[in-house]
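Before any comments, here is the structure.
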Protein chains: 2
Amino acid sequence: MTSMLTEVSANRSFGGWHRRYRHYSSVLDCEMTFAVYLPPAAEVRLVPALWWLSGLTCTDENFMQKAGAHGVAAELGMAIVCPDTSPRGTELPGEHDSYDFGSGAGFYLNATREPWNAHYRMYDYVTRELPALVEEQLPLTDQKSISGHSMGGHGALVCALRNPELFSSVSAFAPVCNPSRCPWGVKAFSGYLGDDRESWKEWDACELIRGGARVKELLVDQGDADNFLADGQLQPEALRDACEQARLPLQLRTQPDYDHSYFFIASFIEDHLRHHAGVLNATR
Amino acid sequence: MTSMLTEVSANRSFGGWHRRYRHYSSVLDCEMTFAVYLPPAAEVRLVPALWWLSGLTCTDENFMQKAGAHGVAAELGMAIVCPDTSPRGTELPGEHDSYDFGSGAGFYLNATREPWNAHYRMYDYVTRELPALVEEQLPLTDQKSISGHSMGGHGALVCALRNPELFSSVSAFAPVCNPSRCPWGVKAFSGYLGDDRESWKEWDACELIRGGARVKELLVDQGDADNFLADGQLQPEALRDACEQARLPLQLRTQPDYDHSYFFIASFIEDHLRHHAGVLNATR
């Protein structure tokens with residue numbers, strides 16, 4: 001049984017619509033909210049979508065309000081879908097105690113440890129349940145690209161590497177490239193997956209590539225003044241090494257003086273949208 | 001004695017810099033924070049600035065984060081200056097009790113009633129003290145345009161009408177056009193100025209135009225799905241009537257289905273920036 005979307009709000013934006021919806025997620029077993037930007041073209045035909053996965057502490061709102069992406073999406077005739085970053089409305093022990101675990105920090109994986117495995121299945125949500133729902137009830141084709149920021153950059157890389165047939169292209173801004181080996185990832189994976197590090201490999205972009213997972217190409221932007229780069233949370237060099245060994249074409253762009261903020265994302269989102277639109281148009 | 005600017009934060013954005021500063025305002029008698037976007041051109045020459053006045057409840061941050069204006073400002077070689085919307089850090093009786101009076105709601109006027117007149121002098125702050133400060137300490141010419149949203153649209157119109165020599169051009173998004181005759185304005189003017197309605201006229205764009213104040217032209221965007229339009233807070237028809245009687249050229253654009261949000265501002269800010277840049281370039 002497919003759940004129905006309930007519209008929460010609608011804003012005209014660049015000739016299209018920014019709409020937020022609520023629905024019951026059977027995968028996450030809770031009510032969820034997500035946002036979609038529908039370009040003007042969606043009034044006369046089905047359009048492809050960029051799926052955007054946000055970072056720690058975000059909701060569906062951050063990218064829509066701060067990335068300045070609607071204008072280019074309107075021009076390109078692409079929708080943008082922004083899911084939330086974790087299940088909501090559940091009250092698991094300690095769920096809201098830290099910014100980097102639990103609510104706002106779902107890490108786009110399927111948890112296997114109790115009590116998280118009852119709800120924290122964001123991977124199935126963003127790759128299966130929500131695409132089926134929006135492609136049935138909104139004017140979207142099944143053509144998808146995926147991108148994201150930080151924890152959401154990790155999510156975009158992992159979702160694409162595990163589903164190269166589902167996403168036509170993938171890019172990321174300051175992604176957590178090697179979560180098995182950084183403080184954020186070790187905390188999240190220990191909590192959601194347990195201590196068997198073998199089980200972590202299927203949720204780590206570098207490990208997936210080492211294990212044979214492939215996409216056609218990767219586009220990654222990384223600011224060199226990003227404090228989380230200095231803290232060792234992001235590790236683009238690990239992704240570069242994995243891609244080199246696998247001969248996977250990676251365009252890793254170091255952006256001088258840029259930090260981890262949405263000002264960085266806004267500065268380069270047009271490049272990413274045009275990249276994805278080019279691939280989507282070529283494969284249509 | 002000029003107060004010094006203390007940098008609070010800096011983010012690279014579209015090849016330029018988004019910087020926030022704190023300083024002591026002698027006009028407001030408190031510490032204030034403001035933001036500036038400096039385009040790449042500001043590294044090699046002085047640049048003109050668009051002054052942006054935000055609406056109720058905002059700070060210096062809303063426009064910078066949500067309007068998507070940096071890219072066009074970078075291209076045009078224009079700075080953007082975003083002051084805060086009221087004095088801060090003062091603790092006047094009832095100052096923080098409502099969203100439309102006191103903190104976050106300075107209405108860009110000089111209060112005459114106690115206790116507000118000790119601090120609430122945002123008009124002098126945004127037209128005199130802050131321009132002098134930033135034009136001395138940042139790479140800005142003294143060429144200025146001004147725009148704003150809602151309460152800040154009112155502020156932009158009033159500041160320009162009272163200082164046509166100071167601002168080369170003026171525009172507004174969903175401005176409070178006739179504050180003497182709308183609930184927000186009556187509450188603010190009664191509180192800040194007292195009950196003598198004659199004294200309100202110098203802070204009301206429509207009354208200023210009826211009294212002979214002039215600018216060369218006005219550009220105003222108004223969404224027709226704006227709930228505050230329906231509530232009678234904005235009254236663009238009063239501005240239209242005043243401009244018609246005064247033969248003041250007004251380009252009043254009704255934008256179908258747009259609301260009062262930053263999605264509306266983002267959709268049309270490029271038009272406004274190009275309009276202001278055209279005037280600034282012509283007068284340079």
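Keep in mind that the numbers below use all heavy atoms, side chains included, and drop hydrogens, waters and symmetry copies. Protein chains get the first letters and strands the later ones, always in sequence-line order, with residue 1 at the start of each.
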Rounded distance (nearest 0.5 Å) linking atom CD of B:Q65 with atom OG of A:S261: 8.5 Å
Under 4.5 Å from a heavy atom of chain B, the part of A:Y262 involved: neither
Nearest atoms (heavy-atom pairs only) where A:F263 meets B:M64: CE2-O, 3.4 Å
Interface moiety of A:A67 toward chain B, non-hydrogen atoms closer than 4.5 Å: neither
Residues of residues 221-231 of chain B contacting chain A, heavy-atom criterion under 4.5 Å, by residue number: none
Under 4.5 Å from a heavy atom of chain A, the part of B:D259 involved: side chain
Backbone of B:N11 reached by a side-chain donor or acceptor of A:Y258 within 3.5 Å: no
Separation between CZ of A:F14 and CZ of B:F268, rounded to the nearest 0.5 Å: 8.5 Å
With sequence neighbours excluded, residues passing ring pair (Phe, Tyr, Trp, His ring centres under 6.0 Å) with A:Y37: A:H70
